[in-house]
Amino acid sequence: MREKVTITTLQAKKARGEKITMLTCYDYPTALLEEKAGVDILLVGDSLAMTVLGHPSTLTATMDVMIVHAQAVRRGAPGAFLIGDMPYMSYQISKKEAIRNAGRFMAEAGCDAVKLEGGRNMAEVVEALTKATIPVMGHLGLTPQSIAQLGGFKAQGRNVDTALRVIEDAKILEEAGAFAILLEAVPPEVGKIITKQASIPIISIGAGPQCDGQLLIVHDMLGFFDAFTPKFVKKYANLNETILQAFREYIDDVTSGRFPASEHFYNMKPGEAARLEAQVKDRNSSAVSQDGM
Ligand code: KIV
């Protein structure tokens with residue numbers, strides 16, 4: 001088993017200029033593979049509402065669902081740094097509720113940290129969680145839980161005023177105690193400035209190459225979700241095609257009788273098949289003679 005990835009590991013990587021790798025993960029088999037490959041950070045993202053559960057946005061994810069998925073991922077990836085994504089309205093109502101819900105990720109699922117969306121408006125919550133011993137990753141730029149306010153899934157910080165606001169928010173989150181910040185869908189110039197100014201790791205999902213690390217949604221990078229594909233996605237596989245092909249071959253094999261073949265049978269012990277056949281024959285013939293009585 002690899003050495004456990006901790007906050008210290010991530011800070012050391014930033015200090016050495018070594019890139020941090022991060023992927024979303026929602027289930028046990030994928031966690032086993034991400035762990036085996038050596039991904040640093042696994043995020044149980046509320047994006048699972050879309051990629052796994054088929055909802056049109058992330059707003060329907062609940063704490064109970066997130067906890068079940070986080071537990072499965074932790075079982076498959078004991079060495080990764082595991083982050084539970086705080087779902088919509090699990091941290092916005094009060095600091096007390098935020099601590100209770102974030103505490104569930106830590107205590108019930110064995111997460112190493114939580115992530116929440118928002119800048120200056122969430123500084124007090126970040127501070128409260130940090131004081132309660134819960135490490136927090138901030139999330140700025142395109143924040144999917146605010147799509148109603150943002151007017152959809154749109155890149156942020158594309159002019160000087162909005163860029164400066166994201167840069168200020170990053171400072172505020174760091175001062176509030178965030179151990180890292182995720183920057184989503186902002187121009188690379190903004191990613192570069194924030195990464196240079198921050199002493200904590202800055203992870204990019206569509207924020208350019210100069211950030212301390214990169215995140216992709218695992219279903220996007222595997223080509224396993226194609227409702228829409230953001231510009232920042234690089235596809236490393238085309239699972240949709242592979243899986244569809246397998247399903248079609250299966251249907252073809254079953255309907256044509258090619259499956260199951262002899263290698264898929266449980267053979268009887270030597271001599272037992274003939275004995276079974278004889279006994280069934282005997283029983284059937286005595287049943288026929290009783291019917292005739
Ligand atoms: O839920 C998630 O996977 C996320 C990413 C979109 C960054 O928050």
Side-chain angles (χ1 to χ4, degrees), residues 22-26 41-70 82-105 109 111 113-129 134-158 162 165-166 168-170 172-173 176 178 180-186 190 202-207 215-220 225 227-228 230-233:
M22 178 168 172
L23 283 176
T24 64
C25 193
Y26 316 110
I41 306 176
L42 270 53
L43 169 68
V44 183
D46 63 355
S47 51
L48 69 80
M50 299 172 76
T51 54
V52 177
L53 303 178
H55 294 284
S57 80
T58 60
L59 304 191
T60 47
T62 63
M63 270 309 297
D64 286 345
V65 167
M66 295 299 295
I67 292 287
V68 168
H69 285 270
L82 180 63
I83 301 182
D85 201 9
M86 299 286 285
Y88 187 57
M89 287 303 144
S90 67
Y91 57 97
Q92 292 93 337
I93 293 164
S94 71
K95 284 187 260 183
K96 209 165 155 182
E97 268 193 58
I99 293 171
R100 186 174 299 121
N101 285 322
R104 288 190 64 193
F105 273 119
C111 286
V114 298
K115 175 175 84 59
L116 57 81
E117 298 182 9
R120 62 199 72 195
N121 58 326
M122 283 298 145
E124 280 187 22
V125 177
V126 172
E127 199 176 336
L129 291 176
I134 300 169
V136 182
M137 170 180 270
H139 181 167
L140 294 172
L142 167 52
T143 45
Q145 291 176 11
S146 320
I147 49 164
Q149 279 179 330
L150 300 177
F153 294 97
K154 290 181 180 155
Q156 303 294 308
R158 298 182 76 185
T162 55
R165 195 171 164 87
V166 180
E168 281 166 18
D169 274 342
I172 292 168
L173 287 181
I181 294 172
L182 177 65
L183 275 183
E184 179 168 355
V186 297
V190 179
I202 305 296
I203 309 294
S204 152
I205 178 162
L215 164 67
L216 280 177
I217 292 187
V218 71
H219 284 55
D220 287 340
F225 178 78
F228 67 91
K231 186 177 164 68
F232 54 70
V233 172

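Residue numbers count from 1 along this sequence.
- The nearest pair of heavy atoms linking L142 to G152 is CD1-O, 4.2 Å.
- Heavy atoms only, all atoms of each residue included: T60 and A49 are closest at OG1-CB, 3.7 Å.
- Counting all heavy atoms, side chain and backbone alike, F232 lies closest to L216 at O-CD2, 3.8 Å.
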| task | Give the C-alpha distance, both sets of side-chain angles, the deciding distance and a yes or no for side chain to side chain contact (heavy atoms under 4.5 Å, CB included) between I217 and I205. | result | CA-CA 9 Å; I217 292 187; I205 178 162; 4.2 Å; yes
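- Considering every non-hydrogen atom in both A102 and I134, the closest pair reads CB-CD1, 3.8 Å.
- Annotation: side chain of V65 is in contact with side chain of L53 (closest heavy-atom distance under 4.5 Å).
- Heavy atoms only, all atoms of each residue included: I172 and A123 are closest at CG2-CB, 3.7 Å.
- Put simply, the side chain of N121 gets close to the backbone of G119: a donor and an acceptor are under 3.5 Å apart.
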| Worked check of side chain to side chain contact (heavy atoms under 4.5 Å, CB included) between D85 and V44 | CA-CA 6 Å; D85 201 9; V44 183; 5.8 Å; no
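- By the 4.5 Å heavy-atom criterion applied to side chains, R104 and D64 are counted as neighbours.
- H219 places none of its side-chain heavy atoms less than 4.5 Å from the side chain of T24.
- For K115 and D46, the salt-bridge test fails: no basic side-chain N is under 4.0 Å from an acidic carboxylate O.
- Contact check for M137 versus M22: side-chain heavy atoms found under the 4.5 Å cut-off.
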| query | Taking it one step at a time, do M86 and E117 satisfy side chain to side chain contact (heavy atoms under 4.5 Å, CB included)? | reply | CA-CA 8 Å; M86 299 286 285; E117 298 182 9; over 6 Å; no
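- For Y91, there are no ring-ring contact (aromatic ring centres under 6.0 Å, His included) partners two or more places apart in sequence or in a different chain.
- Considering all non-hydrogen atoms of both residues, V166 and L140 come closest at O-CD1, 3.8 Å.
- In this structure, the side chains of L129 and I99 come closer than 4.5 Å at one or more pairs of heavy atoms.
- In this structure the side chain of F153 never reaches within 4.5 angstrom of the side chain of E184, judged on heavy atoms.
- Around atom CZ of R120, more than 12 heavy atoms belonging to other residues, nucleotides or ligands sit under 6.0 Å away.
- Residues Q145 and L59 have side chains in contact (heavy-atom distance under 4.5 Å, counting atoms from C-beta outward).
- A 4.5 Å side-chain heavy-atom check between N101 and V114 finds every atom pair outside the cut-off.
- Contacts classified as salt bridge (Lys or Arg N to Asp or Glu O under 4.0 Å) and involving residues 87-101 (residues at least two apart or in different chains) are given here: K95-E124.
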